[in-house]
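All figures in this text were calculated on a predicted structure; none of them were measured in a lab.
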Amino acid sequence: MHTPRDLQSEQISLTLLDATLAVFLAARIHGTNSAIKATAKRCAKHLPRSKRDLIFAIVDSAEPLKLVNYLAEHLD
């Protein structure tokens, strides 16, 4: 059985797709800039450094909700 300390020490690895989906869901469910930024920051910690650019662009955006909505509308 895992204890809380064991779970914290396990390395969680995300793909860029996982992180993007999490941010899109935060936008859809919460619809606030603060929720999107918080989700993006949490996800960025679990991405490889080479895959963090898009997520950091969302974190650094003045209006992350508008940016995420724009990205979602223009997926091909």
Just verifying a value: how many Å separate [X] [atom1] and [Y] [atom2], rounded to the nearest 0.5 Å?
X	Y	atom1	atom2	result
Leu67	Asp60	CG	CG	10.5 Å
Leu54	Leu71	CG	CG	6.0 Å
Arg52	Leu14	CZ	CG	10.5 Å
Lys51	Thr15	NZ	OG1	9.5 Å

Can I get a per-line list of side-chain donor-acceptor pairs under 3.5 Å for residues 22-35, giving both atom names and the distance, sequence neighbours left out?
residue: Thr32; atom: OG1; partner: Ala35; partner atom: N; Å: 3.1
residue: Asn33; atom: OD1; partner: Leu65; partner atom: N; Å: 2.9

Quick check: is Ile36 connected to Leu75 through a chain of hydrophobic side chains (ILVMFWY, heavy atoms under 4.5 Å apart)? yes
Ile55 versus Leu16: any side-chain heavy-atom pair under 4.5 Å?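 Yes - at least one pair of side-chain heavy atoms lies under 4.5 Å apart.
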